Number of protein chains: 4
Amino acid sequence: MSARPRSEKAEARAEAQRTRILDAAQHCFIEHGFHGAGMALIAETAQMSAGLIYRYFESKSAIIRAIVEEQLELLREDIARNTHPDFPTVLAEEYGRPHQCEGRRMSASLLLEISAEATRDPQIAAALDDYDTTVRNALQDWLTRAREAGGMALDGEDARRRALMLQCLIEGLKLRETREPGLDRDLLMAALQDVVPRMLDR
Amino acid sequence: MSARPRSEKAEARAEAQRTRILDAAQHCFIEHGFHGAGMALIAETAQMSAGLIYRYFESKSAIIRAIVEEQLELLREDIARNTHPDFPTVLAEEYGRPHQCEGRRMSASLLLEISAEATRDPQIAAALDDYDTTVRNALQDWLTRAREAGGMALDGEDARRRALMLQCLIEGLKLRETREPGLDRDLLMAALQDVVPRMLDR
Amino acid sequence: MSARPRSEKAEARAEAQRTRILDAAQHCFIEHGFHGAGMALIAETAQMSAGLIYRYFESKSAIIRAIVEEQLELLREDIARNTHPDFPTVLAEEYGRPHQCEGRRMSASLLLEISAEATRDPQIAAALDDYDTTVRNALQDWLTRAREAGGMALDGEDARRRALMLQCLIEGLKLRETREPGLDRDLLMAALQDVVPRMLDR
Amino acid sequence: MSARPRSEKAEARAEAQRTRILDAAQHCFIEHGFHGAGMALIAETAQMSAGLIYRYFESKSAIIRAIVEEQLELLREDIARNTHPDFPTVLAEEYGRPHQCEGRRMSASLLLEISAEATRDPQIAAALDDYDTTVRNALQDWLTRAREAGGMALDGEDARRRALMLQCLIEGLKLRETREPGLDRDLLMAALQDVVPRMLDR
DNA sequence: TATGAATGAGCATTCATTCAT
DNA sequence: TATGAATGAATGCTCATTCAT
């Protein structure tokens with residue numbers, strides 16, 4: 001006599017539907033932007049009716065917000081995973097990767113869309129701000145950490161300054177990704193391996 | 001005594017109207033984005049009827065294009081004017097300046113909007129690409145130039161790599177401007193003066 | 001037991017909607033002309049929202065084209081059905097009939113509208129041209145056919161000339177219908193029965 | 001001390017302006033139809049400002065009405081001039097002539113436009129009706145007239161019937177002119193010379 | 001749960017007409 | 001007399017959202 005066996009299954013299905021919708025929406029948003037992608041297109045991509053989407057999301061805005069949250073979470077994880085001495089290499093390898101995305105992965109053009117939307121939607125602005133803080137802290141933390149802990153062993157003030165610069169560089173790279181997807185990888189790798197260490201050197 | 005005094009006056013007035021429209025449009029686009037700002041709002045902001053706008057611009061698209069061109073031109077001028085040994089200081093001083101804009105000045109959030117739009121509109125993508133090339137060349141040129149000519153005296157390959165990184169940093173800074181308009185100036189200035197020289201050092 | 005009962009019903013409904021729209025549009029076009037009738041009026045006449053119409057027709061132009069095709073098809077059928085020795089009588093009886101139309105019937109004033117539109121819209125011009133050819137061929141064929149086959153047994157060149165004149169007369173009659181809907185039927189009948197045989201006599 | 005010498009000159013000038021406008025309007029209406037031709041285009045064609053037109057005509061409708069009146073007058077004159085035994089030849093020669101028009105001449109496509117407009121505008125309908133009556137009377141008169149007076153010497157009832165048919169044929173020809181401007185002239189001439197005499201024969 | 005037909009407010013754009021100059 | 005800038009209502013059309021089924 002399980003409490004609500006039906007409900008559990010239903011909940012799983014509901015979650016699957018939400019995922020289906022978000023997958024479709026992300027795909028559409030990347031291709032057409034938040035405003036350019038209509039609910040009809042998203043529904044078609046998700047292989048369901050437009051009406052059904054509203055059972056799982058309150059509005060198109062809610063879908064956008066969900067995608068924003070998720071994207072920022074993925075980006076946060078990325079930073080957490082990649083802040084170690086090989087950082088330049090990782091940055092170069094990530095460049096342009098999203099296009100080969102399966103499932104929902106980060107997308108530079110989505111970050112652009114999100115940044116643009118944040119200048120109008122305070123809710124998105126808040127989420128983005130939260131993300132910014134996390135990233136900056138993660139970078140600063142890495143730069144401060146002892147070398148044997150994989151850090152750069154910089155002192156507090158120094159780390160603060162360089163974390164800021166590093167963050168700008170990382171985001172500038174994301175922006176570049178959307179504009180110059182075919183950028184020469186060897187050049188990029190060489191540039192990062194040449195310049196980033198200089199930025200972080202004591 | 002002038003050949004066609006009426007026509008001259010008329011032309012001046014026409015130009016004033018165009019300016020009036022572009023001012024209003026820029027204001028609206030910054031606040032609501034290219035798609036979020038309707039012709040009605042632009043007209044109201046410009047204090048004229050919506051129909052009148054079409055005497056001066058072929059379409060909303062044409063207004064967007066005009067603003068894009070102008071913004072990119074302003075950015076190009078900025079780079080041309082500021083590539084000299086004091087570059088870090090200049091970057092820090094420029095940060096957040098547009099908000100105190102009189103007339104039509106650069107706007108970081110517009111650059112964002114432009115970048116996002118470029119992923120869909122090939123015409124805007126082309127303009128942005130042209131801008132990118134100009135900037136990269138200007139930076140590379142500066143880095144290659146002799147020290148006595150105000151340059152950094154780097155050799156070609158080196159300059160190419162660092163120009164790319166510099167461009168990413170600069171654009172990352174513009175992005176940051178839209179998200180953190182209140183960023184501590186002293187921190188920013190210190191960070192740039194600390195890190196940029198390291199990026200460019202031989 | 002049907003394979004997709006839902007879809008069949010839906011398709012039937014969709015067809016009904018298309019019909020509803022075409023009925024309304026035809027009514028509006030007759031009363032106000034292709035340009036004079038706005039989508040709002042058509043929607044109101046069809047008792048639906050303007051937006052809904054676009055689920056069934058791509059554009060106002062598409063509606064016009066659909067009506068043109070249909071009208072020309074009805075006219076073609078008419079010619080095919082009526083080319084026999086009693087032609088004069090039939091012409092007289094058809095005169096003014098459309099005004100008592102139920103469902104969508106031919107309308108002389110629509111033919112006028114179509115002819116006028118054809119001078120600008122090449123697609124409509126092509127359709128009208130096709131119709132013209134069909135009619136002329138049908139007439140010529142009838143005039144050439146043997147008497148025992150219901151024809152007029154004229155030789156080829158003769159038939160060509162008289163088909164042309166007959167076509168002009170028939171269209172002149174349609175024109176007259178729009179201008180003089182109350183024309184004395186007895187006069188018309190007498191005139192046709194007197195003159196048409198003379199036109200076709202060997 | 002002439003009464004109002006200024007006024008006379010002014011009146012002449014005013015009349016010239018009206019003519020100028022009507023010339024331009026006719027040209028535009030033939031090319032784009034009554035609704036397709038905008039006041040801006042007419043003004044440009046007349047080489048004057050849009051506003052000035054309103055000093056000479058109350059509205060666009062008034063221009064249309066003026067053109068209608070004039071066209072119908074020209075058509076009336078044509079019928080009066082051409083109702084004589086050579087009628088078939090004249091009809092054939094007139095076919096397609098308007099395209100070589102200088103000044104303001106009849107235009108088959110204008111007649112079409114007028115007929116279409118008449119189904120909506122009662123004022124135009126009345127003018128067209130008046131024209132119809134004149135034409136029918138002229139034809140009937142010609143058919144009744146003695147042979148030595150250039151007529152066809154038919155009796156009254158006969159003439160009435162044949163005038164109606166002739167009118168239909170004539171208008172059908174005008175319609176055909178708009179659809180088949182390149183119609184083989186020899187065929188047309190032969191057809192008219194073959195068929196019209198039969199229509200009028202005693 | 002799922003559909004997709006239906007709505008209605010909103011969009012960019014056009015155009016006959018007016019009016020300050 | 002003449003201009004053409006300016007208006008504003010109307011146009012065809014789109015799209016997020018709702019709702020009967």
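Note on naming: letters A, B, ... go to the chains in the order of the sequence lines (proteins, then strands), and numbering restarts at 1 for each one. Values in this document were obtained by computation on a predicted structure and should not be read as measured data.
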Nucleotide nearest C/Leu52 when distance is taken to its side chain, options F/dT3, F/dG4, E/dA6:
E/dA6

Taking only N and O in the side chain of D/Tyr54, is any of them less than 4.0 Å away from OP1 or OP2 of E/dT17?
yes

Spacing of A/Gln17 atom CD relative to E/dT3 atom C1', expressed in whole Å:
13 Å

Whole-Å gap separating C1' (F/dA10) and CG (C/Leu41)
13 Å

How bent is the helix from E/dA2-F/dT21 to E/dT21-F/dA2, comparing axes over its five end pairs at each side, to the nearest 10°?
10°

Whole-Å gap separating P (F/dC15) and CD1 (A/Ile63):
15 Å

Is there a donor-acceptor pair closer than 3.5 Å between any side-chain N or O of A/Lys60 and the backbone N or O of A/Phe34?
yes

Nearest-nucleotide wise, let me know which of C/Glu58 and B/Ala50 is further upstream toward the 5' end of DNA chain F.
B/Ala50

Contact nearer the 5' end of DNA chain E, comparing D/Ala40 with C/Ile53:
C/Ile53

Check whether any side-chain nitrogen or oxygen of B/Arg13 sits under 4.0 Å from OP1 or OP2 of F/dA6, and answer yes or no.
yes

Measure the distance from CZ on C/Arg55 to C1' on E/dA6 and round it to the nearest whole Å.
8 Å

Checking side-chain contact (heavy atoms from CB on, under 4.5 Å) against A/Ile63, which of A/Arg18, A/Met39, A/Gln26 comes through?
A/Met39

If you round to the nearest 0.5 Å, how far is CD of A/Glu69 from CD1 of A/Ile114?
9.5 Å

Do the charged groups of D/Lys9 and D/Glu15 touch, with an N to O distance under 4.0 Å?
no

Quick note, D/Tyr56 side chain, CB onward, closest among E/dT13, F/dT1, E/dA5 is F/dT1

Students often get this wrong, so: under 4.0 angstrom with heavy atoms, is A/Gly38 touching a base, only sugar-phosphate, or nothing?
sugar-phosphate

Between P of E/dG10 and NZ of B/Lys60, the distance in whole Å
15 Å

Which is true for B/Ala37 with a 4.0 Å heavy-atom rule: it touches a base, it touches only sugar-phosphate, or it touches nothing?
sugar-phosphate

Side chain of D/Glu113, backbone of D/Gly33: donor and acceptor closer than 3.5 Å?
no

Quick check: does any side chain N or O of D/Gln71 sit under 3.5 Å from a backbone N or O of D/Ser107, one acting as donor and the other as acceptor?
yes

What integer distance in Å separates D/Ile21:CD1 from F/dA2:C1'?
12 Å

Check the phosphate of F/dT7 against B/Ser49, side-chain N and O only, distance under 4.0 Å to OP1 or OP2. Yes or no?
yes

In whole angstrom, give the distance that lies between atom CZ of C/Arg18 and atom P of E/dA6.
14 Å

Report the distance from atom CD1 of A/Ile42 to atom P of F/dC15, rounded to the nearest whole Å.
12 Å

What's the spacing between B/Thr178 OG1 and B/Leu111 CG if we round to 0.5 Å?
9.5 Å

Rounded to the nearest 0.5 angstrom, the OH-OG1 distance for A/Tyr56 and A/Thr19 is 11.0 Å

Select from C/Ser59 and B/Gln47 the residue whose nearest nucleotide in DNA chain F is closer to the 5' end of that strand.
B/Gln47

